[in-house]
J.: 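Quick one: this structure, given as C-alpha cells, is what I'll be asking you about.
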Amino acid sequence: MKKFIVPVLLAGAAFLFLPCCLSCEKKPTPEPEPAVTATLAAHDVTVEEGKTAQLDAVTNSSAPITYTSADAAVATVSPAGEVTGVKAGETTITLKVEAVENKFTSAEKTVNVTVTEAPEPPTPPDDKKPGPGMYTFTVSPLKGQWEEGDQIYVHGSFGPAARTFTLKPSDISDDGRTATLLLESGFEYLAGPDYLYAAWPASAVQPEDGLMDALTRFSAADGPLAQAYLDGTEFVFKDISSCISFTVSGGYDRVLIAGAQRPGLRFTDYANEYSTAKVTPSKISSDGYPFRECGLSPEGATSSIWFPGGVNLKQGFVLYFARDDRWCATYTYGEDADLKAGKTLELGDISGSLADYDGPKPTMPEMGGRTRFSVKFNELSGLCVSLDSQFLWGLGDSGEIARISFAGEVLDKAGLRTTDKSTIDSEGMSVNYDTGDLLIGGEPHVVCRIPGSKIDSIFTESLFRGVESLFSIADAKGYGNAGLEGMTYYKDGKAYCGTQTGSYLYLCDLETGEVLWRKGLREMYPAVTEIAGLCYDPLTDWLWVVDSESKRFFALSGDAERMLGTYSIKGTSNPEAICVDHVNSCIWIGDDYGSTSYLYKYDFTGLDDAVITARP
C-alpha cells in the first residue's frame, strides 16, 4: 500500500502534513511493445562522371530512407537514392531511417561512392569534317545484302536536315555488301562524336522536328533494325536487333510468341545511339504486354520474329500458330534464350515438333491509366473489395482496419485486438466469399479472422476486440518483419499466405490450420523477388501477387504453376497490397508510405475475359 503526505488545516495554525494511506490502487499503464531494431543495408557504388547509379538500399523499417552526400562536388544523391557522379573522386553517402514510435528504432548506414572520369569522346579533327562527296554504306551481317529499293536514313544533329536515300541497282556492288551514294547536303548540322549517322530501314525511323544529335528514334520496332556512324567516308552498319527464325509448313498465316516468364514483348518505339562513344544497344522498354503477334513468310520460306536491342527469354517460350483466324498449333522451346543484338536463334524446320492446340488466341488484360489517392490511414498494407462490392476494406500494419471509398476517403476506422486482447502486426487481408468472414494475416506467422456475424460491429467502438486467432505457420515464425505479408482466400475452405522471406507461398486449410504445401515463387519465377500482397480472383482462377521490391505485380494461374503476365508499377514507394475489382474494371494497389498512405487505381481492359494459356 502506498503512503502519501496529506495537508491538514488546524485552527489558528499553519498547515500540518500528516501521512495517510490510500486503499485505492491505480491501474498500471501497460508497457508498450519494445521497438524492433531497424536494419539498413546498401552496397558501395562506383559511377562515372555525368552518369547515375541507384543505391540498392533495403530496410525493415516503415520509415522512409533519407540520403545525404558528404561532398556534393563529387556526387549528389536524390531523395530516391539515385547517385549522380559530378567529378572524379571519392565521397560517402549517409543513409538514415528515423525511429518510428513503439515500432522501430532509428538506423544509419554509410556507403562509399567512387566517381570515375568520363572518357573523352573521340572527336575527328576539324580538317577531316565531312563534306559533299561519295560515301560507302556497308550492309549489316543479318541484313546480308543491299537490294534495289532499300532506303537508308542519314542524319546529323538537326532532324529537318536528315535525308533518305533509295538504293538503285547502280548504287549496289556486285556482291550486294556495299552501296555508294553521293551526299550533297546536311553537312552544316554535324553531331559529335562522329558527325553523321545512318539507320536502316528508313521507314522505321521517327523523323525529328528538332535536335537529335547522335540519337536515332525508331517508330516501328518489330522488324530488323541497323545503325551506322561515319568513319572516314564509310558507314558500316551494325545490327541492333536479334531474331528467332524458323520454317514451318501446314498453311499457317500468323504466329504469336509468349515467354515462359511472361516478359513484356510488345514494343512501340525504340531510341538508340550507335557511335564510337556508345557501341552497346540500349535495352528497349515494352508496354508490359506478354504476347507478340507477327505474320508468317510463305510456306517453306524462313520466318523471323525480331526484338530490338535483344531479349532474354528465361525458361524459353511458346509459339502459337493460327490458320484462318483459328489458333491450332504450338511449338515449345524449353531452354533459356538470351539473344544479344545481332544474334539469331535458328530453330530450323519445326513442323514435326508442333503440338495440337484447340483454344482461343492467347490474351492478357491490358493496363490503362492510373489514378492516385492520398489516404488518411496509417501504413496501408492490406486491401480487398467488400463482399457487396461497395467499398474497399483497408488494413494497416499498426493494427487498424478501415472502410475506404473508391475515391480514397476513409469512411470508418478502428483499432484491432484479438479476443485475448493481443495486438496484431496486421499485413494482409481477404474476404472469405464462402462464409463472409474477413481473414487477416499478421507477421511473422499468424492467421486470424473476423467472423462474418461480427463485421457489422467493427466500427461501433474505436477498438474492436473480436479478432479470432485461427492458426500459425510454424516455419515462418522466425521470419520476423519479413514474414507473412500476403493473405487471400482461395476456395473450398483454403487460403493462400505469402511471405517476404523466400517469396514462399503457403496453401492452408482454414479449418485445421494444416499447411497443405509450400512453393518458393522466387525459385519458380526469378522475376518475383518477394511476396508483399496476394489476391485470388475466382472469376478467372488467377492469383495476383504484388512485389514491393521490384515494383511490379504478377498474374499467376490459380495453382501458382504458371506465370501469365507481369505489370510494372514504377513510381510507387512501397506497394504492399493488391486486389482485383471487376465492378470498376481495375486493380487496386495499396502503398504503405507511412502515416499518409497512397491508394492506386490501375484501369484495365479485358480483366473479366482473360485467357489462361499453357506454360512451356
Side-chain angles (χ1 to χ4, degrees), residues 222-223 241-267 284 286-297 299 302-308 310-339 343-366 521 523-528 540-543 545 552 554-567 606 609-616:
D222 55 356
S241 299
S242 59
C243 75
I244 297 171
S245 66
F246 56 88
T247 59
V248 64
S249 57
Y252 306 110
D253 49 44
R254 304 291 294 170
V255 63
L256 181 147
I257 184 171
Q261 290 290 313
R262 293 298 194 263
L265 294 180
R266 189 171 63 183
F267 316 112
I284 191 170
S286 77
D287 64 1
Y289 197 69
F291 303 114
R292 177 98 168 275
E293 186 177 350
C294 312
L296 288 170
S297 300
E299 191 154 325
T302 299
S303 294
S304 297
I305 303 173
W306 293 91
F307 304 93
V311 68
N312 188 0
L313 299 172
K314 293 182 181 296
Q315 299 180 4
F317 55 87
V318 176
L319 301 179
Y320 296 83
F321 292 93
R323 184 193 305 118
D324 299 327
D325 294 328
R326 177 175 170 266
W327 295 88
C328 49
T330 62
Y331 169 83
T332 299
Y333 185 87
E335 302 175 17
D336 288 353
D338 187 5
L339 298 178
K343 301 298 181 182
T344 298
L345 175 60
E346 296 181 354
L347 302 178
D349 187 349
I350 61 174
S351 305
S353 301
L354 300 184
D356 290 337
Y357 174 76
D358 186 18
K361 175 183 176 179
T363 61
M364 279 292 293
E366 295 198 47
L521 296 190
E523 297 175 5
M524 297 170 67
Y525 313 112
V528 180
T540 57
D541 189 32
W542 283 16
L543 177 65
V545 181
R552 289 183 285 189
F554 307 91
L556 308 180
S557 60
D559 58 5
E561 284 297 317
R562 289 164 290 180
M563 171 68 79
L564 305 174
T566 302
Y567 299 88
D609 53 1
V611 176
I612 297 176
T613 55
R615 176 173 179 257

J.: Got a sec, which residues hit side chain to side chain donor-acceptor pair (under 3.5 Å) with Asp349, two or more places apart in sequence or on another chain?
T.: Ser351
J.: Asp559: which residues meet the side chain to side chain donor-acceptor pair (under 3.5 Å) condition with it, sequence neighbours left out?
T.: Ser557
J.: Could you give the distance from CZ (Phe246) to OG1 (Thr344), rounded to the nearest 0.5 Å?
T.: 12.5 Å
J.: With side chains defined as the heavy atoms from C-beta onward, is the minimum distance between Ser297 and Thr302 less than 4.5 Å?
T.: no
J.: Using the six-membered ring wherever Trp is involved, compare the ring planes of Phe321 and Tyr252 and label them parallel, tilted or perpendicular (cut-offs 30° and 60°).
T.: tilted
J.: Calculate, to the nearest 0.5 Å, the distance between atoms CG and CD1 belonging to Leu319 and Ile305 respectively.
T.: 5.0 Å
J.: Please determine whether side chain to side chain contact (heavy atoms under 4.5 Å, CB included) holds for the pair Tyr357 and Cys328, giving the CA-CA distance in whole Å, both sets of side-chain angles, and the decisive distance to 0.1 Å.
T.: CA-CA 5 Å; Tyr357 174 76; Cys328 49; 5.8 Å; no
J.: How close do Trp542 and Ala555 get, heavy atom to heavy atom, and via which atoms?
T.: CE3-CB, 3.7 Å
J.: Not counting sequence neighbours, which residues clear salt bridge (charged side-chain N to carboxylate O under 4.0 Å, His left out) with Arg254? List them please.
T.: Glu293
J.: Is the shortest side-chain heavy-atom distance between Leu347 and Tyr331 below 4.5 Å?
T.: yes
J.: Identify, with sequence neighbours excluded, every residue that meets salt bridge (charged side-chain N to carboxylate O under 4.0 Å, His left out) alongside Asp338.
T.: Lys340
J.: Which heavy atom of Ser303 sits nearest a heavy atom of Leu296, and at what distance?
T.: OG-CD2, 3.5 Å
J.: Output all residues satisfying ring pair (Phe, Tyr, Trp, His ring centres under 6.0 Å) with Tyr289, sequence neighbours left out; order by chain, then residue number.
T.: Phe291
J.: Could you pull out the closest heavy-atom pair between Pro526 and Gln315, with the gap in Å?
T.: CD-NE2, 4.2 Å
J.: Can you tell me how far apart CZ (Phe267) and CH2 (Trp306) are? Round to the nearest 0.5 Å.
T.: 13.5 Å
J.: Could you report the tightest heavy-atom contact between Ser241 and Pro308, atom names first, then the distance?
T.: OG-CA, 3.8 Å
J.: Mind checking the CD-OG spacing from Glu346 to Ser245? Nearest 0.5 Å is all I need.
T.: 4.5 Å
J.: List the steps and the verdict of side chain to side chain contact (heavy atoms under 4.5 Å, CB included) for Leu556 and Leu521.
T.: CA-CA 10 Å; Leu556 308 180; Leu521 296 190; 4.0 Å; yes
J.: As a quick check of understanding, evaluate salt bridge (Lys or Arg N to Asp or Glu O under 4.0 Å) for Arg266 and Glu366, giving each step before the final call.
T.: CA-CA 12 Å; Arg266 189 171 63 183; Glu366 295 198 47; 2.6 Å; yes
J.: Do you know which two heavy atoms are closest between Leu564 and Met364, and how far apart they sit?
T.: O-SD, 3.5 Å
J.: To the nearest 0.5 angstrom, please state how far the CZ atom of Arg292 sits from the CG atom of Asp222.
T.: 5.5 Å
J.: Does the side chain to side chain contact (heavy atoms under 4.5 Å, CB included) test come out yes or no for Glu561 and Met524, once each step is laid out?
T.: CA-CA 8 Å; Glu561 284 297 317; Met524 297 170 67; 4.0 Å; yes
J.: With sequence neighbours excluded, tell me which residues meet salt bridge (charged side-chain N to carboxylate O under 4.0 Å, His left out) with Arg323.
T.: none
J.: With rounding to the nearest 0.5 angstrom, report the CZ to CG distance, Arg262 to Leu313.
T.: 11.0 Å
J.: Taking the side chain as everything from C-beta on, heavy atoms only, tell me whether Ile257 gets closer than 4.5 Å to Tyr320.
T.: no
J.: Give the C-alpha distance, both sets of side-chain angles, the deciding distance and a yes or no for side chain to side chain contact (heavy atoms under 4.5 Å, CB included) between Phe317 and Leu265.
T.: CA-CA 11 Å; Phe317 55 87; Leu265 294 180; over 6 Å; no
J.: Under 6.0 Å between ring centres: does that hold for Tyr525 and Phe554?
T.: no
J.: What pair of heavy atoms forms the shortest contact from Glu299 to Ser249, and how long is it?
T.: OE2-CB, 3.2 Å
J.: Applying side-chain contact (heavy atoms from CB on, under 4.5 Å) between Thr330 and each of Asp356, Leu354, Val318, report the one that passes.
T.: Val318
J.: Is any side-chain heavy atom of Tyr567 less than 4.5 Å from a side-chain heavy atom of Pro365?
T.: yes
J.: Check whether any side-chain heavy atom of Asp253 lies under 4.5 Å from a side-chain heavy atom of Asp324, and answer yes or no.
T.: yes
